[in-house]
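Note: hydrogens, waters and symmetry copies are ignored here, and every other heavy atom, side chains too, is used. Lettering follows sequence order; numbering is per chain, from 1.
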Amino acid sequence: MNENIIAPENLVYEKSKLLKDNVMHYCPGCNHGTVHRMIAEVIEEMGMEHDCIGVSPVGCAVFIYKYIDVDFAEAAHGRAPAIATAMKRLNPDKLVFTYQGDGDLSAIGACETLHACNRGENIAIIFVNNAIYGMTGGQMSPSTLVGMKASTCPYGRDVELNGYPMKISNILAELEGTCYVTRQSVHSAAAVRKAKKAIRKAFDNSMAKKGTSVVEIVASCNSGWKMTPYNANKWLEENMFPFYQLGDLKDR
Amino acid sequence: MAKIKGAVEVDVLHCKGCELCVHACPSNVLALSKNVNEKGYAYAYMQNPEACIGCASCAYICPDGCIKVYKVKL
Ligand SMILES: Cc1ncc(C[n+]2csc(CCOP(=O)(O)OP(=O)(O)O)c2C)c(N)n1
Ligand code: SF4
Ligand code: SF4
């Protein structure tokens, strides 16, 4: 029975041709892979594979250039928006995007992020917020929730000691230079489809030179959180979404 | 009403056995195998192929792009 269905003319979904055959180094179930898939699909659908420059972060996604078959530059930790600024100013007709974690974008790179957005650089920023430093062993980041455990706050984030979690996308939405700021997720098939539409809009804005677009993906880091992938996505729904509410923060 | 039937192909080499597709499938089609791939991961397969409706939920959730989805109207 299946043999009759599995035929080229019946194919309804396969991964983008821009996703290379390398096995991704991410932990099983990591949301980074899902976001990579959507970025590759959007670039392929736009037909921009020969006119796209990505800027990879320091963090788990440092090797994104091994997985998506477009040009990439590697930035020092947090500096992706500065590199992307130069890339886009020198190549105004290229699609330029950064890919950054919460440590990269909102801690060490907060300055570059704020100023690139304030200048309204015509770039798209894909911001994967998993609330910890995944790559280096699950340390607390600016977006770690109150009470959430991380390796540098093993009893949970304490506001007295560590301050409050930062909703940096809300701050970025306040800046004149941003044209589109949205918060999405990839924890369900429906959410993945919506996140893809948001990435498409951000990339279209870069090409239309409308200003800076920020797509925050509220994500899980199941091994950092010490949960199974499925439970991490459930935890995300129950604990992250009430604080990091999904939806558009700005669209003009 | 035309009946829709689907089927999926899992890229065993790329699968990491994360089980997200198993939970995402609305028709309980998928399960993890008893066998493991070269990297030692139990991989996803169609345990209940007759139930597949070709909705591609599994393929959309898979972080590693392992799943191809096919669909026919009968
Ligand atoms: C200048 C500098 N400081 C510190 C580090 C160490 N370091 C590597 S990755 C990382 C944090 C990454 O966390 P995040 O941006 O949240 O990304 P994730 O790994 O969670 O995707 C740090 C602090 C570095 N590589 N360079
Ligand atoms: S295509 Fe839909 S019904 Fe078929 S296995 Fe995937 S999720 Fe289940
Ligand atoms: S979601 Fe992908 S990697 Fe995870 S078990 Fe299913 S096919 Fe394998």
Side-chain angles (χ1 to χ4, degrees), chain A residues 1-41 60 67-68 128 185-196 219-223 227-234, chain B residues 2-32 36-74:
Chain A
M1 181 77 207
N2 277 341
E3 289 69 55
N4 304 333
I5 303 175
I6 296 178
E9 64 272 21
N10 299 331
L11 185 69
V12 286
Y13 187 88
E14 68 177 327
K15 70 172 187 180
S16 164
K17 302 203 171 32
L18 296 183
L19 218 55
K20 297 185 197 179
D21 269 340
N22 301 332
V23 176
M24 292 195 248
H25 72 284
Y26 300 116
C27 306
C30 176
N31 284 184
H32 274 305
T34 321
V35 181
H36 287 15
R37 263 185 40 239
M38 289 306 108
I39 292 175
E41 280 184 18
C60 283
Y67 308 132
I68 304 180
V128 178
S185 73
V186 292
H187 71 294
S188 70
V192 175
R193 286 187 168 94
K194 277 183 78 180
K196 179 180 168 185
S220 63
C221 169
N222 63 75
S223 52
M227 297 174 195
T228 64
Y230 177 68
N231 287 343
N233 280 352
K234 274 251 158 282
Chain B
K3 203 170 162 328
I4 288 173
K5 262 203 70 41
V8 303
E9 259 182 336
V10 178
D11 177 345
V12 170
L13 276 177
H14 281 76
C15 176
K16 295 176 184 162
C18 72
E19 226 173 6
L20 288 179
C21 57
V22 175
H23 290 285
C25 174
S27 310
N28 291 318
V29 172
L30 302 167
L32 290 193
V36 294
N37 65 13
E38 277 178 15
K39 289 208 152 69
Y41 293 121
Y43 48 86
Y45 77 107
M46 295 181 89
Q47 188 184 43
N48 183 16
E50 291 306 311
C52 179
I53 51 171
C55 67
S57 294
C58 53
Y60 266 92
I61 204 73
C62 175
D64 290 87
C66 302
I67 302 182
K68 276 188 188 176
V69 184
Y70 301 85
K71 190 158 90 172
V72 285
K73 271 202 193 112
L74 297 177

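Heavy atoms closer than 4.5 Å to chain A are found nowhere in Cys21(B), neither backbone nor side chain. For a residue to count as touching a neighbouring chain, one of its non-hydrogen atoms must lie under 4.5 Å from one of that chain's; by this rule Ile67(B) touches chain A with the backbone only. Both the backbone and the side chain of Ala59(B) come within contact range of chain A, with heavy atoms under 4.5 Å apart. Residue contact with chain B, scored on non-hydrogen atoms closer than 4.5 Å, involves the backbone of His187(A) exclusively. Using a 4.5 Å cut-off between heavy atoms, Tyr26(A) contacts chain B through both its backbone and its side chain. Using a 4.5 Å cut-off between heavy atoms, Asn22(A) contacts chain B through its backbone alone, with no side-chain atom that close.
Proximity of Pro28(A) to Tyr41(B): side-chain heavy atoms (C-beta onward) are separated by under 4.5 Å at one or more points.
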Quiz prompt | Verdict with reasoning, Glu9(B) to Ile6(A), per side chain to side chain contact (heavy atoms under 4.5 Å, CB included) | solution = CA-CA 8 Å; Glu9(B) 259 182 336; Ile6(A) 296 178; 3.6 Å; yes

Exercise. Output, in order, the C-alpha distance, side-chain angles, deciding distance and verdict of side chain to side chain contact (heavy atoms under 4.5 Å, CB included) for Leu20(B) and Asn233(A).
Key: CA-CA 9 Å; Leu20(B) 288 179; Asn233(A) 280 352; 3.6 Å; yes

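For the residue pair Gly29(A) and Cys18(B), the shortest heavy atom distance occurs at N-CB, 3.3 Å. When every heavy atom of Val23(A) is checked against every heavy atom of Lys16(B), the shortest pair comes out as CG1-CE, 4.1 Å. The minimum heavy-atom distance linking Ile61(B) with Val192(A) is given by the pair CD1-CG2, 4.3 Å. Taking every heavy atom of both residues into account, Gly6(B) and Ile5(A) meet most closely at O-CD1, 3.8 Å.
Heavy-atom pairs under 4.5 Å with chain B peak, among Thr34(A), Asn222(A), Asn10(A), Val35(A), at Asn10(A).
Between Cys62(B) atom SG and Lys15(A) atom NZ the span is 9.5 Å, to the nearest 0.5 Å. The CZ atom of Arg37(A) sits 9.0 Å away from the SG atom of Cys66(B) when rounded to the nearest 0.5 Å.
His14(B) places a side-chain N or O within 3.5 Å of a backbone atom of Asp21(A) that can act as its donor or acceptor partner.
Judged as a ring pair (Phe, Tyr, Trp, His ring centres under 6.0 Å), and not counting sequence neighbours, the contacts of Tyr13(A) are Tyr60(B).
Within a 6.0 Å radius of NZ in Lys39(B), other residues, nucleotides and ligands contribute 12 heavy atoms or fewer.
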